[in-house]
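Worksheet: one structure, shown below.
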Number of protein chains: 2
Amino acid sequence: MSPLSSGLLGDLDPTSDRAVFRQIADQLREAIDRGRFREGEKLPSEADLVDHFGVSRMTVRNAFSILQGEGLVHAEHGRGVFVRPRPPVRRLASDRFARRHREQGKSAFIVEADAAGSHPQVDSLEVKEEKASQDISTRLGSVRRVLARRRRYLLDGKPVEFATSYLPLDIARGTPIAEPNPGPGGIYARLEELGHHLDHFEEEIRARMPSPAEVKTLRLAAGVPVIHLIRTAFDTEGRAVEVCDTVMAADAYVLSYQLPAT
Amino acid sequence: MSPLSSGLLGDLDPTSDRAVFRQIADQLREAIDRGRFREGEKLPSEADLVDHFGVSRMTVRNAFSILQGEGLVHAEHGRGVFVRPRPPVRRLASDRFARRHREQGKSAFIVEADAAGSHPQVDSLEVKEEKASQDISTRLGSVRRVLARRRRYLLDGKPVEFATSYLPLDIARGTPIAEPNPGPGGIYARLEELGHHLDHFEEEIRARMPSPAEVKTLRLAAGVPVIHLIRTAFDTEGRAVEVCDTVMAADAYVLSYQLPAT
DNA sequence: CACGCTTACTCGTATAGACGAGTGGGCGAG
DNA sequence: CTCGCCCACTCGTCTATACGAGTAAGCGTG
């Protein structure tokens, strides 16, 4: 089709010791950065680049695989290679667990997404008792078994987050917390009703590449890391009453925190 | 050398529709997860795997490139492919900017690293006035030019973080803040001495794959994302007095925050 | 013993070719 | 006009081969 209109890409430098496939990747990256290819736009096909640069197809594929690893482009079988569009980001503010947000009937996720004009969904609901992992047990203060609440969050059909809450059985068993739908205000509202007054949360944040399982659940494109957030909720007596383990598609989130300067 | 002692890896499933190179990657990943190969240990060479599985070399390389993208392994030219060791992580607590940490003479980074028994270093120091980017200008409240302080942090010789602080010229020019070494307690101590009493910080956190430049400065292995943190410091009058833009090797950090439940 | 060369092994780069499979447009039959 | 098939184009997978270049150990020479 398009024999790659000249001017968009330059030539190779045979004197350079930079590998050919890197030079090609560099040129494509620069063209994308300069906006010569826009978000979602199709890049020249492998065959086009083979012709343009006079290299073999594997060399071109090698170049593309670099850009994929950087999260810049994604390939679609039978269609082409495209500049990866940036999804709308969800901003998580540090006051998102303030009591005042807990008053309404709907979950924070739903309310916020509706406000932002996107279509929120929660699925993969699973609530069950299970053995606590070593890590969870330590965080909750040496409990053996826990109530686990798993759910996946989607925005406009795209999975963005997968979370599991763990609670000690002596707190959660037989309460609305053990129900699939814990009611208005979520489990934090229920915890307070049960007399566990929340004092503060602790959040630990890591970033890493996703496991194959995470790629699947979050439908992640190549080159998209995940943010791994582990939140522990403490009551006014200093007891850890809940641990929430969350894996988020990193391209869909900005976390925001407010720190006192004291 | 080692004809790949049988038992470590299994066979391919020719009936599976899973691509051969994925099956090989799966087997290696599982072996690593199960601890059959330890951190830093050498994996079977490409030639070994070619023999073992009876496939071509490109297929094996393809499998390795998957694992590299996941950050599980890294290849060393002429030596082999190794299970990527997890570097020691630096924990950033949310009280790290508390005034009480600002009293001593040394920077927080140095003190903390010394305490952890590692050898800290700061280099690439650059302090200069420059034009503010659109983003920085917005965050600082429409300033044109800023004082930029750039520096790179290393632990035991490994770069872990690259940070740039931006300050409005009317605050920083002609003060110790414009000096390469701003003195004990760092620029936050100087800001307070200059009458800009700090009230709170705001931190924005993103995770993404590094740019080629970031790979270079932080000497990042393949499959290691970066954490991008943008901190704004506000004084008691609500003015943004500093913006600090930090890019961290994600495998070297855990961020930790404390949130009130109010 | 010390140094340098050789050599075997490792991954890096690149070519050429083959077939498979998903996509989408166009063309022809009804 | 509509539907379905075909075909061209696209990326996915795999083979076979070749040479380059970094590493480390061993061997031989001085």
Side-chain angles (χ1 to χ4, degrees), chain A residues 1-4 11-28 37 40-69 72-84 215 221-223, chain B residues 1-4 11-28 37 40-69 72-84 215 221-223:
Chain A
M1 171 67 79
S2 69
L4 186 50
D11 293 319
L12 298 176
D13 175 4
T15 71
S16 164
D17 27 354
R18 191 152 177 83
V20 174
F21 72 92
R22 285 185 208 285
Q23 291 187 48
I24 296 177
D26 290 345
Q27 290 207 19
L28 291 168
F37 299 106
E41 197 173 334
K42 186 173 169 303
L43 295 173
S45 75
E46 294 175 357
D48 288 343
L49 294 172
V50 163
D51 290 346
H52 179 82
F53 289 115
V55 297
S56 83
R57 188 173 158 222
M58 285 310 294
T59 302
V60 170
R61 282 183 63 77
N62 228 331
F64 273 139
S65 98
I66 290 185
L67 300 178
Q68 269 195 50
L72 267 183
V73 308
H74 70 113
E76 291 181 33
H77 192 171
R79 303 222 310 130
V81 179
F82 301 83
V83 180
R84 195 162 66 79
V215 168
Chain B
M1 171 69 76
S2 70
L4 187 48
D11 293 319
L12 297 177
D13 174 5
T15 72
S16 165
D17 26 354
R18 191 152 177 83
V20 173
F21 72 91
R22 285 184 210 285
Q23 291 187 48
I24 296 177
D26 290 344
Q27 291 207 18
L28 290 169
F37 299 107
E41 197 173 332
K42 186 173 169 301
L43 294 173
S45 76
E46 294 176 356
D48 289 342
L49 294 172
V50 163
D51 290 345
H52 178 83
F53 289 114
V55 297
S56 84
R57 187 170 160 228
M58 284 310 295
T59 303
V60 170
R61 282 183 63 77
N62 227 331
F64 274 140
S65 98
I66 290 185
L67 300 179
Q68 269 195 50
L72 268 183
V73 308
H74 70 113
E76 292 182 31
H77 193 172
R79 304 223 310 130
V81 179
F82 301 82
V83 180
R84 195 162 66 78
V215 168

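Letters go in sequence order (proteins before strands), and every chain restarts at 1. What you see below is based on every heavy atom in this structure, not just the backbone, and it leaves out hydrogens, waters and symmetry mates. Note that the coordinates shown come from a computational prediction; the quantities given were computed from them, not determined experimentally.
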> How does each nucleotide of nucleotides 19-27 of chain D score, in 5' to 3' order, for protein heavy atoms under 4.0 Å: base (B), sugar-phosphate only (S), or none (-)?
Replying inline: -BBBSS---

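- Not a single donor-acceptor pair under 3.5 Å links the side chain of B/E46 to the backbone N or O of B/F64.
- At least one side-chain heavy atom of B/F82 sits under 4.5 Å from a side-chain heavy atom of B/H74.
- DNA chain C is contacted by both B/M58 and B/L43; B/L43 maps to the nucleotide lying nearer its 5′ end (nearest heavy atom per residue).
- Look at CZ on B/R18: it is 18 Å from C1' on C/dG20, rounded to the nearest Å.
- Of the listed nucleotides (D/dT15, C/dT10, D/dT10), C/dT10 has the atom at the smallest distance from the side chain of B/A47.
- Under 4.0 angstrom from either OP1 or OP2 of D/dG12 there lies at least one side-chain N or O belonging to A/R61.
- The distance from atom CG of B/N62 to atom P of D/dG12 is 11 Å, rounded to the nearest whole Å.
- When all heavy atoms of B/L67 and B/A25 are compared, the pair lying nearest together is CD2-O, 3.7 Å.
- Atom CG of A/L49 is separated from atom C1' of D/dC11 by 13 Å (rounded to the nearest Å).
- Distance CD (A/E76) to P (C/dT23): 9 Å, rounded to an integer number of Å.
- The main-chain N or O of B/T59 is never found under 3.5 Å from a side-chain atom of B/N62 such that the two would form a donor-acceptor pair.
- Nucleic acid contact for B/F21: sugar-phosphate only, since backbone atoms but no base atoms lie under 4.0 Å from a heavy atom of the residue.
- Listed pair B/R22 / D/dT13 meets the phosphate criterion, a side-chain N or O lying under 4.0 Å from OP1 or OP2.
- Within a 6.0 Å sphere centred on CG of A/D13, other residues, nucleotides and ligands contribute more than 12 heavy atoms.
- Put simply, the side chain of A/V55 does not reach to within 4.5 Å of the side chain of A/L49, judged on heavy atoms.
- In terms of position on DNA chain C, the residue among A/V55 and B/G80 whose nearest nucleotide sits closer to the 5' end is B/G80.
- Residue A/T59 places no side-chain N or O under 4.0 Å from the OP1 or OP2 atom of C/dT13.
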> Should B/M58 and A/M58 be marked as a side-chain contact (heavy atoms from CB on, under 4.5 Å) after you check the CA-CA gap, both sets of side-chain angles, and the distance that decides it?
Replying inline: CA-CA 10 Å; B/M58 284 310 295; A/M58 285 310 294; 4.0 Å; yes

